[in-house]
Amino acid sequence: MSGTQFGKGCHLHLIDGSAFIFRAYHALPPLTRKSDGLPIGAVAGFCNMLVKYIETNTGPDAPTHVAVIFDHSGKTFRNDLYDLYKANRPPAPEDLRPQFPLTRDATRAFNIACKEIEGFEADDIIATLAHQARDAGGRCTIISSDKDLMQLVGGGVEMLDAMKNKRIDSDGVMEKFGVGPDRVVDVQALAGDSVDNVPGAPGIGIKTAALLINEFGSLDELLDRAEEIKQPKRRQTLIEKRDQIELSKKLVQLDCDMVLDFSLDDLELREPDPDTVLNFLTEMEFRTLSARMAKQMGREAPVIPEPTATPAAAAEDDPAEAVPFDAEKYECVRDAEALQVWIDRIRGRGWVAFDTETTGLNEMTADLVGVSLCVEPGEACYIPLTHKAEAGSDDLFGSDALAEGQMDFDTALSMLKPVLEDPAILKIGQNMKYDAKIMARQRGAGFADGITVAPYDDTMLLSYSLHGGEHGHGMDTLSERYLDHTPIPIKPLLGTGKSAITFDRVPIADAVPYAAEDADITLRLWKTFKPQLHREKVTTVYETLERPLSPVLARMERHGIKVDRDTLSRMSNAFAQKMAALEDEIHTLAGESFNVGSPKQLGEILFDKMGIEGGKKGKTGAYATGADILEELATEHELPARVLDWRQLSKLKSTYTDALQDHINPETGRVHTSYVQTGANTGRLASADPNLQNIPVRSEEGRRIREAFVAETGNKLLSLDYSQIELRILAHVADIGTLKQAFADGLDIHAMTASEVFDVPLDEMTPDIRRKAKAINFGVIYGISGFGLARNLRIPRAEAQGFIDRYFERFPGIRKYMDSTVEFAKEHGHVQTLFGRKIHTPEINAKGPRAGFAKRAAINAPIQGTAADVIRRAMVRMPDAIAHLPAKMLLQVHDELIFEVPEAAVEETTETARRVMESAADPAVHLDVKLTVDAGTGDNWAEAH
DNA sequence: GACATCACG
DNA sequence: GACGTACGTGATGTCC
């Protein structure tokens, strides 16, 4: 064929390169190149697929022309049409990114044409080439299963699903879309695509779309004659969403007329050059594959040397055992020359374990004292930066002068900044959010905007993804458990109590082994955990739910929320007055003075002195005086009623109005919480220092505390919360048709439950019946028991059990879900969320009361955890989605997100954020129940909620 | 540092 | 038939 022009009798193969890469990446464990640890799993898989492709494409149907087409990174013209196009797509995993260019190299090494064009997707290039081939009278086979390419089929163009080895022609397209290839675009425009975030027409899927297109002939015709549609909802959608549908069509329509700087003739099939192929495979250190290719091409198999048996190389195979911990080997870096040596090593390696030492635990106020680095197990350094000189005999309280033998602070950070920010160098930390926040606050000559640590892996998050529910994820726990090594304790260095010192007062000689060891441990943990992700099938959880969330949380925490000190202070004084009055009253009622805040003293007053009936409880033998007990007593006695009032005020004052003031950052005037990403076993976040996830709202008096959380002048606080998200998820996972329908119809779900369980028509519903049903609904989520429901509703246990029995009779699917969940936990030792998060249940086979706890936790975890995953996904996507707006995401409260927005942008932010939240499950999971989000705004959190 | 209590979803 | 019990968190004050 050589030298002839593409035309009749020619057969062009177009390979969707990106599909090959992702399939290869997900099919193989995260392999790394032995000599330097470069991730090459996807490249290996890609090459294997190329070889297989070459081997199978012989004979009469073989191609005469071939090209592999890639997506060019960055935005395409479709993003100009619609800024949210493909906005759902998570960024490529960190260990895949460096492999993209290598797949191009591989294609060229096999002497196959390799094409990509900036601003266009691979699909457009494929479309243009397919049309050129067809117009020239030749054949074209597109090797891909991407349905977006189906519009190209026909007139000699076919698709080939390489996985299933199935050809797709016009009939195949008809099967998939219900219309011929020429109307595929019309159907796609209506149906939309959650994967690419093409909006389409809400409520219309492929089936309905095909029906409509077949009835009206074309999309244009359909839109013009939309008035004729009988179904009112559908008609309204098509009329109202016309713009959106037409935009969708533009998004899915491939560009068949690109101007290319090459022709079909340039794609002619060429024999690979043996030297080039083998050189490439050798460089990648693919032993099996290079031997196979060598044999095929009649060459000697190339020799790929095993890495020399240094201790470091041995560590690759057995990270925990190979290199003993040796504090003597840690280096103290004291000048630029020494630091440069480390930086060169890091650049050669492509990754570094990184840890900071600071003067405190609060990332918003602590000062940086030093930095440690580690590139090989056992080989770590500490760079002291702001250690203070040791106290001499004359200055008892320590000098403020810097200790000798430390690098200049600015010089060190200016040298580290390019490394810490280099996208090609992976930073590895334990709880890296802390270190990233510290580094972001460092400013100086050459780093005026702070230092943005990215990209990073976090061993704490790796452990959480792998071992959530099994144990804690602090460094000491992980080191002992997985490295069999007890880290040097910090206590002896800092001391305890009043005499405790900050890290900058620790002598450098003592700081080096402690600090460097932390980086050493972190690197070893990473080497232990990272390869386990794939084996445990939690790569997606880590890469989409944990890793990208960490920097998002860091940013929210750094923003903080404005809290008005005067408001809190005034409330505090008012509470104090009321409490004093109540205290007098209580003492009078008791006939003696005692500490109202002491449950022990209160118990003695109530049950011993006053002789009220009610028993001891608890292992300590003390009387129980919890709110539920006092409430019962309060119906007959005055004193417990007053104590309840006092307790409420005491709680509000001490935990909120007083403590919160101490958390206002003097520099920012705002309160900066810290989210604990690994805090809850279910996947929920926890908030600490201060906890902003438990600010009062249920009582009128408490809710007023939210008035102190305010927006900056000219701004509003915006609150968006998922409506009934856990019940919706329950309806989906347990597959309860009635519940799903109720949500679809927008019914009051508790009233609906009441109506089903108690046989009361909706229009005869009373608030009390509804309240009972609501308690049952929540009980179900928690792993209901007769006892628990009875206590919650304060009804006899038998009656509560009757409710539950009736509920399960009415919704047998729920009991089935609960049983099968517990069964799953017993068999696998974990349960999981819809997004693949594993929650381990080590207690599930325990005996006694612990078994009950474990069972209920196992039932609750997939529901609470899936809801947690959903809002995490929304949070991960939010920064990009609102990047064009002046809005800031400030807080998360499990099913609620709070933003601060300039007044003018409130509406658009609401709309955008709501869309992100409501579609957060897509495309990974399609929920049978839609998620809805309620929104509110105001000058403070009380108004916004 | 354990325990009881209570704030939130 | 008895065991015990609603799920998930964090902060505070008392008491030893």
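We name chains A, B, ... by the order of the sequence lines, and we start the count at 1 in each one. Predicted, not measured: the structure shown is a model, and the values here were computed from it.
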May I have the distance from [X] (atom [atom1]) to [N] (atom [atom2]), rounded to whole angstrom?
X        : N     : atom1 : atom2 : value
A/Tyr722 : B/dC8 : OH    : P     : 23 Å
A/Asp628 : B/dT5 : CG    : C1'   : 10 Å
A/Arg704 : B/dA7 : CZ    : C1'   : 18 Å

Nucleotides 5-9 of chain C: which of its N/O atoms have a protein N/O under 3.5 Å away?
| unit_1 | atom_1 | unit_2 | atom_2 | d |
| --- | --- | --- | --- | --- |
| C/dT5 | O2 | A/Ser785 | OG | 3.1 |
| C/dT5 | O4 | A/Arg797 | NH1 | 3.1 |
| C/dT5 | O4 | A/Arg797 | NH2 | 3.4 |
| C/dA6 | OP2 | A/Arg791 | NH1 | 3.0 |
| C/dA6 | OP2 | A/Arg791 | NH2 | 2.8 |
| C/dA6 | O5' | A/Arg791 | NH2 | 3.2 |
| C/dA6 | O3' | A/Arg856 | NE | 3.0 |
| C/dA6 | N6 | A/Ala775 | O | 3.3 |
| C/dC7 | OP1 | A/Arg856 | NE | 2.9 |
| C/dC7 | OP1 | A/Arg856 | NH2 | 3.2 |
| C/dC7 | O2 | A/Gln864 | NE2 | 3.4 |
| C/dG8 | O4' | A/Gln864 | OE1 | 3.4 |
| C/dG8 | O4' | A/Gln864 | NE2 | 3.2 |
| C/dT9 | OP1 | A/Asn681 | N | 3.1 |

message = Under 4.0 Å, heavy atom to any atom of DNA chain B: which of residues 641-665 of chain A qualify?
response = A/Arg647, A/Gln648, A/Lys651, A/Tyr656
query = What do the steps show when you test A/Glu557 against A/Lys437 for salt bridge (charged side-chain N to carboxylate O under 4.0 Å, His left out), and what is the final call?
reply = CA-CA 9 Å; A/Glu557 294 167 13; A/Lys437 283 173 76 180; 2.5 Å; yes
Quick one: list whatever passes side-chain hydrogen bond (donor to acceptor under 3.5 Å, both in side chains) with [X], sequence neighbours left out.
X        : value
A/Thr753 : A/Asn777
A/Glu592 : A/Lys609
A/Asn595 : none
A/Thr910 : none

ask   = Between A/Lys578 and A/Glu701, does at least one N-O distance fall below 4.0 Å, as a salt bridge requires?
value =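 A salt bridge is present here (some side-chain N lies under 4.0 Å from a carboxylate O).
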ask   = Is any side-chain N of the basic residue among A/Arg704 and A/Glu700 closer than 4.0 Å to the acidic one's carboxylate O?
value = no
[X]: partners by ring pair (Phe, Tyr, Trp, His ring centres under 6.0 Å), with sequence neighbours left out:
X        : result
A/His828 : A/Phe824, A/His830
A/Phe709 : A/Trp941
A/Tyr656 : none

request  = In whole angstrom, give me the gap between the C1' atoms of C/dC3 and B/dA7.
outcome  = 31 Å
query = Taking the C1' atom of each, how far is B/dC6 from C/dA2, in whole Å?
reply = 31 Å
ask   = With pairs taken as Watson-Crick or G-U wobble and both distances under 3.5 angstrom, which stems of at least three consecutive pairs involve DNA chain C?
value = B:1-9 with C:7-15
task = Using only side-chain N and O atoms of A/Arg850, determine if any of them is under 4.0 Å from OP1 or OP2 of C/dC3.
result =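 No, outside the criterion.
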task = Would you please confirm or rule out a distance under 4.0 Å between OP1 or OP2 of B/dG9 and any side-chain N or O of A/Gln892?
result =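 For A/Gln892, the contact criterion (side-chain N or O under 4.0 Å from OP1 or OP2 of B/dG9) is not met.
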message = For the CZ atom on A/Arg810, are there more than 12 heavy atoms of other groups (residues, nucleotides or ligands in this structure) within a distance under 6.0 Å?
response = yes
Out of B/dC8, C/dC15, C/dA11, whichever nucleotide has its closest atom nearest the side chain of A/Gln601 = C/dC15
Test salt bridge (charged side-chain N to carboxylate O under 4.0 Å, His left out) applied to A/Arg850 - qualifying residues, sequence neighbours left out =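 In terms of salt bridge (charged side-chain N to carboxylate O under 4.0 Å, His left out), with neighbours along the sequence ignored, A/Arg850 is linked to A/Glu843.
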query = Does the ring center of A/Phe758 lie less than 6.0 Å from the ring center of A/Phe803?
reply =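 So the answer is yes for these two rings.
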inquiry  = Under 4.0 Å, counting only non-hydrogen atoms across every strand here, what does A/Ala867 touch: a base, just sugar-phosphate, or nothing?
reply    = nothing
task = Quick one: label A/Glu896 by what it contacts on the DNA or RNA (base, sugar-phosphate, nothing), any heavy atom closer than 4.0 Å.
result = nothing
ask   = What parts of residues 592-599 of chain A reach DNA chain C, counting only heavy atoms under 4.0 Å away?
value = A/Asn595, A/Gly597, A/Ser598
Under 3.5 Å donor-acceptor, A/Gln693 side chain and A/Ser687 backbone = yes
